[in-house]
Amino acid sequence: MRVRIPEAGAHVRKDGERKREGEGGEGGEGGGERRRGEEDEGQGNRGGGKGEEQEGEGEQGGEKNDQGRKGGETVKEGGKKSSGGQHRRDDGRGRRDGPGSGREPRTERVHAAVCFSRDGKKMLTSWASHVEVHSTLSGKKMFALEGHTRQVSGISLHPFNVSQAFTSSLDGCLRLWDVSDGTDLKVWSLPFPINSFVLSSDARLAYVAMVKEGDGKGKEGGKKSSGTVNVVDLETGRQKLDFLLLARTCILTSVQRLFKTRTPAKLSITADGNTLFAVTGRDLLLFYTDSADDDKRKPVELRHARDVVAVTCHPEGKFVAVGDERGEIFLWFNVLHDKSGVSDPPVCSKHNMHWHASAVRCMGISEDGAYLLSAGNEGVLVMWQLETGYRQFLPRLGGPVNAMAVSSCGTVVAVLCEEQNVQLVNLLTRKIVKTLRLLPIPSEGTKGGADDSSSFASILGIEPRHGHVLLNPRGTTLQIWDSVNGKHVQSLEVVNRNTISQAPIHAEYGKAKRPVDPNPRILQLAVSSDGEHLAVVHGPRPSQEDKGVEGDDSSAGAFFQLSFWRLTDGMFQALTRIVNPHNGRVGTLTFNPVNQSVVSAGFDGNFKLWTLSSRDLGMAPPSRSGKEAKAREALPTSTWKCTAVGSYRQVPCRASCFSPDGTLLAIAFYCNVTVWTSEPLELKKVLSHASVTEPIETLLFLPSSPSLVAASRFTVAVWNLLSCSLSWAFDVSSCGLVAHPSRPEFAFSVAADDVSFILRCNASSSVPSQVWKVPKTSKLFSPHGHGSSFLAYVWDAESGRDNAWLTVAGRGGFHRVDGEGREEEHKEREIMVEEEAGRASMFSLAFGAGKKGRKQRKQQRLLDASKKEDSSLTHDILSAPAHGESVEEEDRGG
Amino acid sequence: MAEHGDGFRKLEMQRAPRAPEASTPEQRHWRRYKTSLVTKAYAAVHCVAFSPAAPYDFAVTNSTRVQIYGSRGKAVKKTISRFKDIVYTTSFRDDGKLLVAAGEERIVKVFDVESGGMLRMLKGHSKPVHSCGFSRDRLHCISGGDDAVVKYWDVATGEETMNLEGHKDHVRCVTTSPTSQDVVVSGSYDHTVKLWDCRKGASVLTVDHGGPVQAVLMLPGGGVMVTAGGNVMKVWDVLAGGRVLHAMANHSKPITCLAYDENGGRILSGSLDHHLKVYDVQEYRVRYSLDYQQPILSLGFSQNQSTIAVGMANGLLNVRSRPTEEEKLSKVKAKKNPRGGTFQYFIRGQYDKANEEDDFRVERIRKQKLAPYDKMLKKFPYGTALDAALRTTNPLIIASLLHELYVRDCARIALSGRDDTTLIPILKFICKYISVQTYTSLLTDVSNTILELYTVIIGRSEAVDELLWKIRMRVHEQLMMDANLVALQGSLELILASTLH
């Protein structure tokens, strides 16, 4: 049985209707950061003919075509432009390339879940592979339900046992927990990842939507995943010892497939458990679980014009609400199974419920069924009064909303945002009553998304006072996170501007250019050694295309700001803001470890020295008063000023570093390292070598040793500053170079195919003293305030399991500080410690894997400083760096 | 903390970095002294002396009389004219009850300030007296005259108790130490400043100023002494045996008088070059300078920092004053109960502020007030927002909005779809500000966008064409100017280089 939406009325809109709605409904607070391109409200109104006229002209002009199309795109984003024809055409196109035609998936799958306990005092929130239980009264984390190995995809309370809850995960397990103390009660192991699940009213059956990963046999070779909806019997089933889950008994039970779906489905079920709703592809499927005869056990397909992505149903089955990928919400009535046999087909409401500009990610229904709540990418909670169509808004929830849950009392709704904070909203007052913050780690769904935001792109550094982590969860927010206690400490808005929701990705758009996030990000951050001062650079992210090219950010939108912050009364306050400190991108930002000065260097080839200077107060006569005096007192008493500008050959600069005593400053200009004295600022030496040809990205002075380490994309080189010669260098693509706080040692990580290695090196020898194998997604950090140890942050995005601060201490011992602050000595099974003995094989392993296709660099180039005849020559050459490279190359060739 | 869920954030103004402040707080402080009295007397005003006690009246000598002005020179309270010749000097006792004055007459006279009656006549000087004062014990008087003698008088008996002889030329200034009642300081035209011990009756310290000494000042604490002679001012460390701490030559003509601002820690000096300068006592740098019409002969500064009185050579007296804190407070009128039936009566209490402790305050939710362009930004019609910003004619707002539009990557949307009437304000703005350095880069981008969008309609509207032409000319002018400046810089460097070698 297939039902079509009558005359496609749900998605073809009339001009007048849209405009009226736009003006009237928005009101004061509704606007929020809603969508871009909505400006045609104004423009379209002013002169209907104008837009068309201009489009026509664009075609005349030939090269203006681009403009015309651009206009069209914006229209489609908003879904609001006057040109209805355009819209229909667009829809037509959408219909042509059906789900099977290898079209790129329009919306990324997001797995997140949030759920209230029955009494509303606890809240269960998915956090990667864990479920965290927070108290809604105090906002504190109580415990975590750990057991799943991949992203949790669903949480559901037990229908009648108030202290139990089911969770599902992409690892294919369904687990039952005791929510009062966090014990793991039962595990059902299913053959495929679970995308979504619902329980029957007696909790004997679970309906599970599973993901069948594609086998790469799609038309264009793309991996497409389809899905199935199955019923799982929770009562029967035999227990089995699962070796994968390590001595946990899990239950293998009968899984009966109900129907197949083209894409992994999302499920919803009525309170009596008789009607199951699933959204998949463009269809809403109704499945009557209570129908007896087999031929009726086929789902009813309700076809929509676009992919539908969210579903929720009225508990009594009065209606079911479906949200599609462009933000339109449809209500279907008459969906219950009519046992009398006289079945009217389900009908779609004629109400136009289109506010969201991009996909509706989650929906909820208030207890009385009078209000529908929806939220999505815009970060706005929309409350629809279903009787009247009246909308109310709660904007600025803080990022795209991934999941929501209505409490059983019906007045509080929990909204889980993408940056992992949970807002508890009182529906009566429409106010946020509490904010719970979890560690903001990009969920699995967004991994490898629009930008290369690996799990740590957002981790900027470590605050030296308490060892707190500085994170950039989104936009220009700087969040300070206590990693030991797992607590949110403080968040800081670096710039006071509204967040603009990202333009939705549509098929047309995806072909031309992926829309860039219009919100600036924090790009560079430096903390002073005492933790009192903070320097932050924010600006637009480098887009994918211009990543390799330097200094092309000349457009007006490319706007960078350097801001200096000082800790006053436990809060960071802005002292100085500098707009566009460099002409273009800022390559590096470093604090002097001894005094209050900062070096910033940019791709424009200049570096600047900023110092803190106090404002001249002069005689502040005691008798001053009034407005002026107050305004003056509000001004910070000290400001940061640029006191020196330097450059070397005007080549872009990416790295800088102060020596531990603050007297020397090393700045890398392309592949040359310049060494300056910091007081007075004078160029002392230029270090360059033929083996370093790539731009240097990291520089480090080693403590208690006259050595300088430089790392470019493919080389790690160590210079001796006394002889100004290269001690040694080898070709390896490194990342995350850190120095030991007291000894002349450093560590860096090398990425191989599926794991990465942390190499610990000494300044004197190119042979690593230790090598550790760690998960690929680990990142090294400089160990401010952590004694004599290296510090690595390890986050395994695949399993989401191994997220811990890894302290690499002493001789191969591991101190692993996990989320609860437990510190334990580990000889970890997945972290293999190889001592010096096995270094030869290990090298080939690490380097061979890292540099496939770079044959000429493959051999390890060791340059031993002990070669006396070489070093004197090198020294001379280094003194005249402009001509050094070719001579050096010849010499070595001979 | 800026939590999520707080209100709409208004458009952030892209202010250019602030230039160094045009005025320092110090300058603003001294500028607050407004001229409150300028009078012309018969002859030069040789001395201005402030009473050290409230209400800080001051005495002014001119010709053969001493006039006592009320604080800030509002009116002459008293005129003492019991002199037969020119009065050169006067001084109050530190309780403000007695006044001593002397001059060409060679007699030092003591007056009761309250009644104006003369109490004592101290005769002994053989030549005109140029400086006099009370000692710290209130019982003695000191005076120095052209006969090169400093005399120490007992006021009660009217007898001369001590004759401090040692100067070789006219004594021009005498003062007492603020800490010790036995130390008297005198400066003379013989270039020396002597510290006298009244117990011994002899000089204990002599320093050579290097010029005829006109004025001497002991700073509170008694350890530091400031002398003025010629156009040089010197600061001495008395305790270290007369070491020069600092020498300042900021005046172009001889310094005639000194005063000290105790609360602010500032030295004031007046000179014949018409200037009054203010020095701080940390670095002894000039912090402020005041101009007068005539050579300054005398200077007084009230202890409550409210008044500067300056006497000048041709008899002008200039009084500058500023309201003090107490006066400001007293200006706040006590509330009267309004008469019944008046308008005030009916609105009484309406604007009274709630008592913080006792009253329960009902929270009122204030609606955020947004400017028109902010309202539009909130609702996203960017074109309308730009129009609203242009209507404000504030370049800062317009530039900030344009910048925000570029950051949001929707400047094209805001700029497109305009006809000539809506395009002209933007073009006018560009034309006006494209050569202003802070807006140049932004407006270059805006004009590029506009040219990209509207090239095809060039020639359809005269006004638009004219403006585009104007912008072109403006850019051209600017480029020419840049070229000229570069040339100028080159020639300047040439000159500078040649002077160096």
Engineer: Is there a side-chain contact between Arg577(A) and Arg15(B), using heavy atoms and a 4.5 Å cut-off?
Structural biologist: no
Engineer: Which region of Lys10(B), side chain (C-beta onward) or backbone (N, CA, C, O), has a non-hydrogen atom less than 4.5 Å from a non-hydrogen atom of chain A, or is it both or neither?
Structural biologist: backbone
Engineer: Using heavy-atom distances under 4.5 Å, tell me whether Gln14(B) contacts chain A through its side chain, its backbone, both, or neither.
Structural biologist: side chain
Engineer: Above 12 or not: heavy atoms from other molecules or residues under 6.0 Å from CD of Glu283(B)?
Structural biologist: yes
Engineer: How close do Val407(B) and Arg497(A) get, counting heavy atoms only, and between which atoms?
Structural biologist: CG1-NH2, 3.4 Å
